[in-house]
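The sequence lines fix the lettering, A, B, ..., with proteins before strands; numbering per chain opens at 1. Just so we're clear, the structure is a prediction, and the values are computed from it rather than from any experiment.
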Amino acid sequence: MSESSRYQPQAIETGWQRAWRENGLHDTPELKPGDEAFYALSMFPYPSGNLHMGHVRNYVITDVVARVQRLRGNKVLHPMGWDAFGLPAENAAIERGVDPGGWTDQNIASMREQLNQLGLSIDWDREVATCHADYYRWTQWLFLQFLDSGLAYQKDATVNWDPIDQTVLANEQVDSEGRSWRSGALVEKRKLRQWFLKITDYAQQLLDDLNQLEGWPERVRTMQANWIGRSTGAELQFTVVDADGNDTAERITVFTTRPDTIFGASYVVLAPEHPLVAELTTAEHEIEVEAFCDLVSRQSEQERTAEDKPKRGVAIGAQVRNPANGELIPIWIADYVLAEYGTGAVMGVPAHDQRDFLFARQYELPVQQVIIPEDSDEHAFEGGAWTEGGVLIHSGRFDGLPNGEAKLAITAAAAAEGWGQEKVQFRLRDWLISRQRYWGCPIPVIHCDSCGVVPVPAEQLPVELPRDVAFSGKGGSPLAQLESWVNVSCPCCGKPAKRETDTMDTFMCSSWYFLRYSDAKNSQLPFSKEAVDSWLPVDQYVGGIEHAILHLLYSRFFTKVLRDRGLLSFDEPFTRLLTQGMVQGITYKNPLTGKYIAPGDVADPTDPRDPVSGEVLETFFEKMSKSKYNGVDPAVVIDKYGADTARMFILFKAPPEKDLEWDDADVEGQFRFLQRLWRLVDSACERGLSLAAGAGNADAVAQALAEASASGGLKPDEQELRRAVHTAITEISDDLDGDYQFNTAVSELMKLSNAMGSHLEASGEVFACEALRTLLILLAPFAPHLSEELWLKLGGRNSGDALAGSSIHAQRWPVADASALVRDTVPLVIQIKGKVRGNLEVPADADKATLEKLALESDIAAKWLEGKPPSRVIVVPGKLVNLVP
RNA sequence: GGGAGCGUGCCGGAAUUGGUAGACGGACUCGACUCAAAAUCGAGCGCCUUCGGGCAUGUGGGUUCAAGUCCCACCGCUCCUACCA
């Protein structure tokens, strides 16, 4: 074999990448009425500077989807961008004194280069970066839309405050002991005035519309539904009584999903932060209550919510009247009651709620059972609360009612008597979007002493991030210290005023980027309604499961708000969602020291040992990470095997939503497959086969078939070859239709290649060309460079032709010829009493009676039935005959 | 505690939705080629077997002519969520 005909991906891939780009093969076509549009989207990355295997898997999957759609003749939008605001850039600024913007732009450039090496068919003309003013200008504009709709507001909220660095920390920056990741200081809770978006206004819609999302994984829908957390119950009011037991005007409202248990309420508990605590605490309890509130306020979120922790609380001295039975019961505060959920107050029903039960036992509060299980007069709980259904007792006029009915009856009574009402409660809370950080999108408002909060007028957008900023990592947001930036005149009254110095949560920036791609260059609006409505919703969205809740929920929320403002006309942004599994690397760990060993330091993988101590190592697969030395650098793989091998391996090794175990031996195997394809085409060329002038296309095949049937039919090899070709078309088309099964699609390519190895040589030119042509087109979405190269080699295009029309990627997806799959005879399985006993070759068109007859006459039947007629015969045409003796 | 999902050879994984379990690939074994190795090509590859066959899809039951697939119970693993009243 000559040197020039070896498969060397390094020699062909970059050339094709450049040629595709220069010839605009991946440009987004203009949409005309009646066009089938397809929007294939990957979740855009944070530009860390390094592409990792998780990215590769994500983008390759989306790229295959996009390429298949183009081959099917659809107009495709396949863009890419950068989720470019966020902490890493600011940290680089603090630690190394670099400019966050410049650092980010460098990373973007280097990652774009790495992405291009994968041969992705991305339209870079529509690239967006959330940190560029021409993008965040519109993030600000959209914020003002929310403000105008009354969906953005400020309120005091508790934040994590680092007292040493004088700065706000995200939850992730506080370790499990409540210390700052940077300064190590014990983090305090502080109240700061923060911006919120009223996502709770859309809770019901966000929940209801999950039903529309049939193209989403069930578990993502479930996770969102749980996150929104709708529960139906009642708000009930307990009247506060004075020291003499007389009713006051004060009421405590609790939320409960179990109004049926109200007769069992033996106390009421407020969250320590509840506004009534200070007011209602009696003098003799003041010291204790204050100490308790102080203790709780210093606990981290994690400590506070650890479930195995004993529940703690104190009584505040005051009492309330149970509205159902008039009993006086005490008010407590406790750490297990959350201020932010419901009313921040609950009724304690120890007999029928496990938390109340534990609390009551700890503080010796009375336990009153009010529900007994049906068909049991036993005392139904020992050691635990009875939380199941049953019949009411000790509940006055409601005694004997099943508790389901009692819920309704008691809620109705409460409403009629003025001490309560039905209530739907959501777990979802409003979205806190303020960040006291520099590297984010500035919130475009101005605070004026006279006019209050004044939005920056739209024509003054963007509020640009100043670039001349000092980063110390201390003393709050760098923006707040930049007086020249902070001090402005009020757009309303012209008096001196101050800019908002908070920036937005980066999730704000990523909640609408997929809309911007439809009209990325628009300088008048974030996007035109026409453009956004013609491309969206996204037909296929691909990304990691880690975004199952926040990013996807926020994006859905944005979409609904913008729809309600008339900016777009669809309800949901993403029609189909694929959450790809993570990429795992082989990981070695010394079980004695707990240290991870790099695979490069393991001499013999079949007997992995610690290079220092000789200890036998644990071997397993785990998500790639630097600290475990189990990462595989995509650049190294591309260098060695080429992008096509990397793409094929990733797609073949595991179904897309499952975790993928990176295995060098398998990569090698994948490379061998591509080499075989190269040789297959090579020997076809040596035979003189060429795809020029449409050789092997549908017309040529139809003519050859007609000629063949006139002269005695196809040769057996040709029949086998055609069957393999058209089986592959059928199977691969099916695998790529909706539920993406790239792994089996690749295996079908292998089967086709195997069949061609056996039958191509003995087949006539037309059918050989049909097979080659089909194989290359089916391969094109998976291995775009190799298929393009082989296409050229085989004369599928002349090197002088314009690439835009003659590229393999401009061809049409093949259509299966059902007649190629037809056989004269088919194997019929003979079962005796359900067990397979043999095969019988039978005419494909035989009817049931014939099949039964053939089966009964067969040697198999003779042997197993021993001459007796079967008691029962089941015939499944085309499949089997089951004879039951 | 709640929710979702999964369990198939040595390994990754297939299985037309109830119809020949183990496709395709990796690893491994043998053979051809080679001075040799790699590459390549060919063969084998669930377990047991007295070579008739028997047993096999986490375990135990059930439905069915027929179960990896449906139903019930149990065991194990993974992920998410977590005091939401």
Side-chain angles (χ1 to χ4, degrees), chain A residues 1 6 217-223 225-227 229-231 233 254-258 261 269 271 304-311 334-338 340-349 352-356 358-359 387 425-429 545-546 548-549 581-582 605-606 621 648-649 652-655 657-670 672-673 675-676 679 730-731 734 741 743-754 757 827-839 863 870-876 878-885:
Chain A
M1 196 179 291
R6 268 185 39 216
E218 188 59 42
R219 72 181 187 128
V220 174
R221 290 200 276 172
T222 310
M223 281 162 78
N226 290 342
W227 188 261
R230 182 183 200 270
S231 48
V254 305
F255 173 71
T256 179
T257 55
R258 295 295 304 276
T261 64
V269 199
R304 171 90 182 259
T305 56
E307 201 178 350
D308 43 2
K309 189 177 66 79
K311 302 179 190 329
D335 57 0
Y336 76 96
V337 175
L338 307 172
E340 314 87 69
Y341 183 73
T343 58
V346 301
M347 61 182 196
V349 186
H352 304 293
D353 182 278
Q354 186 61 19
R355 294 155 303 188
D356 296 342
L358 293 173
F359 189 73
T387 56
Q425 183 68 44
F426 291 95
R427 244 182 63 123
L428 185 69
R429 314 218 177 122
I545 186 75
E546 67 272 19
I549 297 176
M582 61 189 181
T606 59
F621 283 92
M648 294 281 287
F649 165 76
F652 176 60
K653 177 77 184 183
E657 65 286 350
K658 284 192 70 171
D659 289 346
L660 181 151
E661 298 177 355
W662 189 275
D663 181 342
D664 289 337
D666 284 339
V667 180
E668 192 83 42
Q670 203 56 238
R672 284 203 296 265
F673 172 61
Q675 277 182 307
R676 268 202 297 283
R679 284 197 300 270
T730 311
E731 296 294 323
D734 197 48
Q741 294 173 279
N743 54 331
T744 48
V746 174
S747 84
E748 291 297 331
L749 285 172
M750 291 170 167
K751 282 189 208 173
L752 175 57
S753 138
N754 290 344
L828 180 75
V829 170
I830 309 294
Q831 292 185 339
I832 308 294
K833 209 180 162 216
K835 283 197 183 295
V836 178
R837 296 302 181 185
N839 274 315
K863 175 177 170 189
S871 64
R872 192 162 172 195
V873 180
I874 292 101
V875 183
V876 185
K879 290 213 165 72
L880 56 81
V881 175
N882 189 5
L883 304 173
V884 185

If we only count heavy atoms from C-beta on, is the [X] to [Y] side-chain gap below 4.5 Å?
X      : Y      : result
A:R837 : A:L883 : no
A:F673 : A:N754 : no
A:L749 : A:F652 : no
A:V836 : A:Q831 : yes
A:I874 : A:V881 : no

By the 4.0 Å heavy-atom rule, please label [X] as base, sugar-phosphate, or nothing.
X      : result
A:R429 : base
A:V876 : base
A:E661 : sugar-phosphate
A:R219 : sugar-phosphate
A:V829 : base

Starting from [atom2] on [N], measure out to [atom1] on [X] and report it in whole angstrom.
X      : N      : atom1 : atom2 : answer
A:K879 : B:rC65 : NZ    : P     : 19 Å
A:I832 : B:rG52 : CD1   : P     : 18 Å
A:R221 : B:rG3  : CZ    : P     : 18 Å
A:D659 : B:rU78 : CG    : P     : 12 Å
A:M223 : B:rG5  : CE    : P     : 13 Å
A:N226 : B:rG1  : CG    : P     : 17 Å
A:L880 : B:rA15 : CG    : C1'   : 15 Å
A:N882 : B:rG19 : CG    : P     : 14 Å

When the aromatic ring centroids of A:F621 and A:W662 are compared, is their separation below 6.0 Å?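 They do not qualify: ring centres at least 6.0 Å apart.
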
May I ask you to verify if any side-chain N or O of [X] is less than 4.0 angstrom from the OP1 or OP2 atom of [N]?
X      : N      : result
A:R6   : B:rA39 : no
A:K658 : B:rG7  : no
A:Y336 : B:rA85 : no

For RNA chain B, list all stems, counting runs of three or more consecutive pairs where every pair is Watson-Crick or G-U wobble with both distances under 3.5 Å.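 The stems that RNA chain B takes part in, listed by first number, are B:1-7 with B:75-81, B:10-12 with B:24-26, B:28-32 with B:40-44, B:46-48 with B:53-55, B:58-62 with B:70-74.
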
Letter per nucleotide, 5' to 3', of nucleotides 22-28 of chain B [B base touched, S only sugar-phosphate touched, - untouched; heavy atoms, 4.0 Å]: -BBSSS-

Pairwise distance [atom1]([X]) to [atom2]([Y]) - rounded to 0.5 angstrom:
X      : Y      : atom1 : atom2 : value
A:Q670 : A:R672 : CD    : CZ    : 10.0 Å
A:I832 : A:N882 : CD1   : CG    : 7.5 Å
A:R429 : A:L338 : CZ    : CG    : 6.5 Å

Distance check, [atom1] atoms only: [N] and [M], in whole angstrom units.
N      : M      : atom1 : answer
B:rG68 : B:rC30 : P     : 35 Å
B:rC71 : B:rG1  : C1'   : 27 Å
B:rC6  : B:rU69 : C1'   : 14 Å
B:rG13 : B:rG46 : C1'   : 15 Å
B:rA14 : B:rG62 : C1'   : 28 Å
B:rA38 : B:rA27 : P     : 13 Å
B:rC55 : B:rU59 : P     : 15 Å
B:rU17 : B:rG12 : C1'   : 23 Å

Which residue, A:G834 or A:G344, contacts RNA chain B at a nucleotide closer to its 5' end, judged by nearest heavy atom?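 Upstream on the strand: A:G834.
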
Using the closest heavy atom to pick a nucleotide of RNA chain B for each, name whichever of A:R872 or A:P655 lands nearer the 5' end.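 The answer here is A:P655.
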
Could you check B:rG9 for me: syn (within 90° of 0) or anti?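 That one's syn.
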
Anti or syn - B:rG58, cut at 90° from 0: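 B:rG58: anti.
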
Can a salt bridge be assigned to the pair A:D666 and A:K653 using a cut-off of 4.0 Å between side-chain N and carboxylate O?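 Salt bridge present between A:D666 and A:K653.
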
Measure from the side chain of [X], starting at C-beta and using heavy atoms only, and say which of [options] lies closest.
X      : options                : result
A:V836 : B:rA15, B:rC65, B:rA21 : B:rA21
A:R427 : B:rA82, B:rG54, B:rG3  : B:rA82
A:P827 : B:rU20, B:rG3, B:rC83  : B:rU20

Run the side chain to side chain contact (heavy atoms under 4.5 Å, CB included) test on A:M648 and A:V746 for me, step by step, so that the C-alpha distance in whole Å, both residues' side-chain angles and the decisive distance to 0.1 Å come before the verdict. CA-CA 7 Å; A:M648 294 281 287; A:V746 174; 3.9 Å; yes

For A:M582, does its backbone N or O pair with a side-chain atom of A:D659 as donor and acceptor, under 3.5 Å?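 Checking the backbone N and O of A:M582 against the side chain of A:D659, a donor-acceptor pair under 3.5 Å is found.
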
Under 3.5 Å donor-acceptor pair, A:Q354 side-chain atoms to B:rG1 base atoms: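 Between B:rG1 and A:Q354, which were checked side chain against base, a qualifying N/O pair under 3.5 Å is absent.
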
